[in-house]
> 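Before I ask anything, here is the structure I am working with.
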Amino acid sequence: MGLPLLTRNQKLLEKFLQMPLTRFRYKNEAETSRSRLGLIAEKSSQEVLEEGHKAVMLMDYVTFLAASVKAQQTRFERQQVEIWDLKSQ
């Protein structure tokens, strides 16, 4: 049996936080062109990479991000309950 959804989301959140965002330009773009913001495949989690591990699959990245947001929301809600409990003591 697999991990509970919350635990899986927490693990994805930890991996998500490890993936650095980078500013870059493609090799064929001029230095004066605007820089792009994105992930570098070599520094990204395997869950968001295509089979050859040379490119980030955006749909998988968005899903990865959604799981991370859910994990943060759950963490936030638990902290809110703890704060209310402490205030009511």
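Only heavy atoms go into these numbers, but all of them, side chains included; no hydrogens, no water, no symmetry mates. Predicted, not measured: the structure shown is a model, and the values here were computed from it.
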> Mind checking whether L49 and V56 have side chains closer than 4.5 Å, heavy atoms only?
yes
> Got a sec, which residues hit side-chain contact (heavy atoms from CB on, under 4.5 Å) with Y26, two or more places apart in sequence or on another chain?
F24, N28, E29, R36
> Among residues two or more places apart or on two chains, list those pairs meeting side-chain hydrogen bond (donor to acceptor under 3.5 Å, both in side chains) that have a residue in residues 43-60.
K15-E47, S45-E47, Q46-H53
> Consider side chain to side chain contact (heavy atoms under 4.5 Å, CB included). Of Q72, R75, K70, Q73, which one does N9 pass it with?
K70
> Let me check something: do L58 and V48 share a hydrophobic cluster, defined by ILVMFWY side-chain heavy atoms less than 4.5 Å apart, either directly or through other members?
no
> Cluster question for you: counting only ILVMFWY and a side-chain heavy-atom cut-off of under 4.5 Å, with indirect links fine, are L17 and L39 together?
yes
> Is a donor from one side chain sitting under 3.5 angstrom from an acceptor on the other, for E14 and Q18?
no
> State the NZ-OG distance between K11 and S68, to the nearest 0.5 angstrom.
13.5 Å
> Could you state whether L65 and L12 fall into the same hydrophobic cluster, counting links through intermediate Ile, Leu, Val, Met, Phe, Trp or Tyr residues with side-chain heavy atoms under 4.5 angstrom apart?
yes
> Please tell me whether M59 and F16 are part of a single hydrophobic cluster in this structure, the criterion being side-chain heavy atoms less than 4.5 Å apart.
no
> Report the distance from atom CZ of R25 to atom CZ of R23, rounding to the nearest 0.5 Å.
9.5 Å
> In terms of hydrophobic clustering (I, L, V, M, F, W, Y; side-chain heavy atoms under 4.5 Å; direct or indirect links), are L21 and M19 co-clustered?
yes
> What pair of heavy atoms forms the shortest contact from A41 to A55, and how long is it?
CB-N, 3.9 Å
> Side-chain polar contacts of residues 81-89 - donor-acceptor pairs under 3.5 angstrom, sequence neighbours left out - could you list them?
| unit_1 | atom_1 | unit_2 | atom_2 | d |
| --- | --- | --- | --- | --- |
| S88 | OG | W84 | O | 3.2 |
| S88 | OG | D85 | O | 2.9 |

